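Report on the structure given below.
Residue numbers start at 1 and run along the sequence shown. Small disclaimer: the values here were computed from a predicted structure and weren't measured.
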Amino acid sequence: MIRFVSLLGAGLGLGATSALAAGPDLGQVQQQATNWPAVAMFFFFVIFTLGITYRAAKGSKSAADFYAAGGGISARTNALAIAGDYMSAASFLGISGLVYSSGFDGLIYSTGFLVGWPIVLFLIAERLRNLGKFTFADVASFRLDQTSIRIISATGTLVVVAFYLIAQMVGAGKLIQLLFGLPYLYAVVIVGALMIIYVAFGGMKATTWVQVIKACLLLGGASFMAGAVLYHYGFSPERLFAAAVQTHPKGDAIMAPGGLVSNPIDSISLGVGLMFGTAGLPHILMRFFTVSDAQAARKSVFYATGLIGYFYILTFIIGFGGIALLMSDPSYFKLGADGTTYDKIKDMIGGTNMVAVNLANAVGGPYFLGFISAVAFATILAVVAGLTLAGASAISHDLYAQVFARGRTTEKAEVNLSKASAVGIGIVAIYLGYVFENQNVAFMVGLAFSVAASCNFPVLAMSILWRGTTTWGALIGGLVGLIAAVVMVVLSDAVWVKTFGHPTALFPYANPALFSMPLAFVTIWGVSLLDRTRRANRERAAFDAQYVRSETGIGASTAHAH
């Protein structure tokens, strides 16, 4: 998860992509009057989840409990947690906002996020559970050199977590400033403190249940809102679309494709990043170690795909509902000097990403508005908790325990370091969230997805699926993918022009995954073919044992007794 974009004007291209992926970039917002129903519901959520964290802390006795909830999470519960981790507030508010402003084309993003899950289901889920223990680096280094592969895997994890987390923290601050009427700094500190508590004390158990509760609240709220919209039009989508076409300034054009991403190369690159980036997100991959076996991992992905698909259908209905019900009501817009005219796209109070929030008020009144506002903020809490745990696990399990200590450590020391890392990550996230308050951070989530698709996924997929993969190939290929994704994003319009102020971008596309991901795969393949060392020969020979375990689960770690 997850997962907004600068709301006025064309929040398209990378900005829209990034925002929808995980975190809001609301730009300059005005602090609003305190929404007391939202504050009350948010504090109820916090108190309830802190109680869960307290119980989880009492039950976390080992590293397996802390990192993977002891492998005791059921498939259905894990499916809800995966959905909760993945359905960000930005997906809820951002996609509905894009549908509101551009119509049918908003589906390109929801489709992109959804189609990544069959890749996870058929290529990753079962093999990951059979080969790994706590992190995806366990899998990538199964037959390859532990030190080298864990370093590149942990690096990819921390880069993804860092950029994802900054966007989430900035988005949380802006959202709470806009909805709850609290100062930005207070909001950032609240989010940081809560995510530290969830992760440092409750570990994966607490994080899982926070995500489950958030998923249920989000699905319930979105279902009610979409149902209320359809009820208004006699449960006839045709009547809803007809009303939207009649109301929207673009008319029939909102039912045609091509308005958001008209460049076909950029469209394909966007899809590649969303599809394969999902299979490389470390906080999503960790969820497969929380179930008892590979069959449960497969089931949890299958159920989660259904939940996520259902959710994106709801956002589509909510977006068109916003067009039909809000555009003709001036109370939801900033009016012009004459007190009557307004731009139906640009002048919505709070911007187009507030479509779902304003629609909640239109169909359910102030209390439902408070509920949706609280759910949107709780959604960010759940995502940052998963990100923090993934980052802390990379530091303690991959780098400390396996690289520096080389296995000569105790579970207690490893877990204590992970808790300390969670505290450190939380403090850094609060600081960076404060520093980046007035910066456009949309490109950061685009970079996170690009790195996940160009570094984490190629290393993971090639180490599992191709006998010829060697340590040198995976290491160099992962580094090439990581560097290429970062450089291409920096040279794109989002950073080179809009952030650095140069006249033209050196890289012409907003989304680099179409170029950086194949470059990583080709490098892994080419370097591995050229690697004729003794270690490389041993690694190729070890593929058969890895293949048997990945397909059968013989020798895989099992759920721990409680």
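The shortest non-hydrogen separation linking Ser516 to Ala485 is CB-N, 3.8 Å. For the pair Tyr100 and Lys344, the tightest heavy-atom approach, listed with the atom from each and the gap, is OH-O, 2.6 Å. What you find for Ala324 and Leu240 is that their closest heavy atoms are CB-CD1, 4.0 Å. In this structure, Ile425 and Gly391 approach most closely via the heavy-atom pair CD1-C, 3.6 Å. For the pair Ala360 and Met225, the tightest heavy-atom approach, listed with the atom from each and the gap, is CB-CE, 3.8 Å. Contact between Val291 and Ala297 at its shortest, heavy atoms only, is CG2-N, 3.6 Å.
Here the rule is side-chain contact (heavy atoms from CB on, under 4.5 Å) with Ile284, and of Asp85, Ile124, Val120 only Asp85 fits it.
The closest side-chain donor-acceptor pair between Thr341 and Asp338 falls under 3.5 angstrom.
Residue Asp329 places its CG atom among more than 12 non-hydrogen atoms of other residues, nucleotides or ligands, all under 6.0 Å distant.
Using modelled atom types, one side-chain atom of Asn78 and one backbone atom of Arg287 make a donor-acceptor pair closer than 3.5 Å. A donor-acceptor pair is defined here as one N or O able to donate and one able to accept, closer than 3.5 Å; no such pair exists between the side chain of Ser269 and the backbone of Ile265.
The structure places CZ of Phe449 at 15.0 Å from CZ of Phe163, a figure rounded to the nearest 0.5 Å. From Leu381, atom CG reaches atom OG1 of Thr49 across 7.5 Å, with rounding to the nearest 0.5 Å. Within the model, atoms OG of Ser450 and CG of Leu274 stand 9.0 Å from one another, a figure rounded to the nearest 0.5 Å. Taking CD1 from Ile308 and CH2 from Trp117, the interatomic distance works out to 4.5 Å, rounded to the nearest 0.5 Å.
Taking the six-membered ring for Trp and the full ring otherwise, Phe316 and Phe320 have centroids separated by under 6.0 Å.
Taking the six-membered ring where tryptophan is involved, the planes of Trp496 and Phe500 are perpendicular, since the angle between them exceeds 60° and thus also 30°.
Scored by the ring-ring contact (aromatic ring centres under 6.0 Å, His included) test, Phe507 finds Tyr509, Phe515 as partners (sequence neighbours excluded).
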